[in-house]
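One structure is given here, and the rest of the page talks about it.
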Amino acid sequence: MRIIGTLPQDPRPWSERRDGALADTTMRTTIGLVTRRLHLARQHVYRDFPMGETDRLRSVKDKREAIKNLDTLLAEFRRSVEDHGGHTYLASRAGDAVDIVRTIAKTAGVRRVVKTKSMATEEIELNQGLIASGIEVVETDLGEYIIQRAGEKPSHILAPAAHKNRAAVQQLFQWDARNARMEPPESDDPAILTRYARERLRQEFLQADMGITGGNFLVAETGSVVIITNEGNADMVTSLPPILVSVVGVEKILTDWQSLMHIIQQPAMNGVGQRLSSYTTIVSGIRAKDGVEGPQAWHVVLVDNGRTALQNSRYEDVLSCIRCGACLNACPVFREIGGHAYGSVYSGPIGIVETSLLTDLRVLPELSSVACTMCHACADACPMDIDLPGHIVSLRKEKVERHRTAKGADLTYRWWARQWATAKGYRRTIRMARFGQRVYRKHGLLQSGPGLASGWFQTRTMPPVAGQTFGEWWSKTRGGEGNEHGGK
Ligand code: SF4
C-alpha cells in the first residue's frame, strides 16, 4: 500500500512568507553569514582530509544499497533491538507515531521529557502532541533550546537557530531565567550564554522521566541507534532518564558497522566542516542487570510517513539524505530568505523536494517553482549525490500535469509555442510585445504585472523589448554595410 505522509505547513501564502523574510534584515545578515561560513568550512575540510572523498563515495554506494534492501534490513534491525530488550514499532503515518509515543509516556506515568534535536519529531509534531497531553517537553540541543524559548520552528535542518544572533539569544535567556528564578546571563558572549543553558539543562536532565532522541543512523546488524552531536546532550538523554524512546525515519537504515564507519563523518564534514562530530552516542540495548548506564526501557519508533512510497521511483535517492544541510548552505535562495519562508519543517533544496514528495505534492506544491533558481549549487554540495535540481524540475512538471488549474495559462503557453515554431510567428509576437509594452508602460502596469503573468512579475523586472530586432536591423542595413558596426 502506498503511504502518503503529512507535514505541518505555514498557512501564510508564499508571497507573505517571502516578503516577511526579505524585510527581516537582521535574520538575513545572520543566516547569510552562517551559511557562507559553513559552506567554506566544508570546502576546507575536504581539502585537508582527502580520505573524506573516498569515504563519501563509498557511503553513497552503501546507502543506495541499504535503501534497495529497506524491508529486509528493517526486519533485521527490529529483531536485533528486541533481542536486546527493546521494543520496536512501525508508524505508517505521522499521527500514528505521535500516538505510540504518547501511549508509552502515559502508561509509564511520564510527566517530564528531555529531547535531543530530531527533524523526524519536528515532522510529526511530537512536542505539540505530548504537550497537549499534559507532558512537559524540554529540548536539550542548544539551538533547539533557543528556538523552543522563542516558540519557533527550526530554520535550518542542522543549525535550528542559525537565524538568531547573540543579542536575540541573550534576550530569550533573560526571559527564561526570570521564569526559572535563575541568574540571567550578564552578556551576549557565546561562552556565557552556553554556560547559562548548560546549568539550566542539567536540572532538566536529572528530573526527566523519559528521554526522546532522533537517530542519524540505524545499524541493522546489531540493532543500534546512532546519534551524533556536538554537545554531548544525547549521552545524557539516553542514559539519565529511565525510559528512552528513539523516533527515527525508516530511511536511516544501514546494513552494518562497516557502512557506519564510512558514513559517520559525512554529516559533520559536509554540514559544519568538522572531520567528525564531537560526540557519537550509540544505543544497542537496555541497561544490563548489573550495568550502570543505558535506559531501563527502550522503545524505537520507526517512521514511514511517505518515505517508502519513494522506493523504486525516480526519487529513490532522496532516501539517502543524511540531513547534513550542505545544500541549504550552498543555496542562494536559502541564504537570502532563511528556512522559515519555505513554510515547511524541511527547507532549502532538500526541503523543496521532500515536502512535495512525502506528501505527494499536497503540501506547499508551489515551492519547486518559486524557491529555486536552478543554479545547481545544491547538486555540487550534496555528499550523497542526490539529484536535487533534476527532482525539482520533475516536480515542476508533475505539478503542472496534476494541478493544471490555470486553464488560461495553459492556452497562452500553447499559443506561444505555436507562434515561436515559425519565423513569421516569432516576428508577429515581437511586434505584439512591443505594442503591449508601450501600453503597459504608459499606464504603469509593467511591474504590477499584466493579467496572467502577475505572479511572475511580482519578483522580476520585465526586460524591455528592443526597439529593433536583429532581423529588422539586418534587412534595413544589409548587415551594417557602411556604418561602424558593419566592419567595412
Ligand atoms: S540533500 Fe544532500 S546536501 Fe542536502 S541535507 Fe541531504 S545529504 Fe545533505
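Numbering of ligands and ligand atoms starts at 1, following listing order.
Taking a cutoff of 4.0 Å between a charged side-chain nitrogen and a carboxylate oxygen, Asp385 and Arg56 qualify as a salt bridge. A salt bridge is defined here as a Lys NZ or Arg NE, NH1 or NH2 lying under 4.0 Å from an Asp or Glu carboxylate O, and Arg2 with Asp360 meets this definition.
Each of the atoms 5 (S) of ligand 1 lies under 4.0 Å from some heavy atom of Ile157.
Scanning the protein for heavy atoms near atom 7 (S) of ligand 1, the closest one is Ile322 N, 3.5 Å. If you check which protein heavy atom lies closest to atom 2 (Fe) of ligand 1, you get Cys382 SG, 2.4 Å. For atom 6 (Fe) of ligand 1, the closest non-hydrogen atom on the protein side is Cys321 SG, 2.4 Å. Looking only at heavy atoms of the protein, atom 5 (S) of ligand 1 is closest to Gly325 N, 3.3 Å.
Counting only heavy atoms from C-beta outward, the side chains of Arg78 and Leu90 approach each other to under 4.5 Å. Side-chain contact between Val219 and Thr255 is absent, with no heavy-atom pair separated by less than 4.5 Å.
Ligand 1 has no atom lying under 4.0 Å from any heavy atom of Val353.
For the residue pair Ser92 / Asp96, no side-chain donor-acceptor distance below 3.5 Å is found, with atom types taken as modelled.
Of the heavy atoms in Leu328, none comes closer than 4.0 Å to ligand 1.
Atom 6 (Fe) of ligand 1 lies at 2.8 Å or more from every N, O or S atom belonging to Cys327. Distances from atom 4 (Fe) of ligand 1 show that Cys324 has no N/O/S atom below 2.8 Å.
For Arg149 and Tyr145, the positive end sits near the middle of the six-membered ring, less than 6.0 Å away and at most 45° from its axis.
Of the options Arg307, Arg64, Lys68, a salt bridge (charged side-chain N to carboxylate O under 4.0 Å, His left out) to Glu316 is made by Lys68 and by none of the others.
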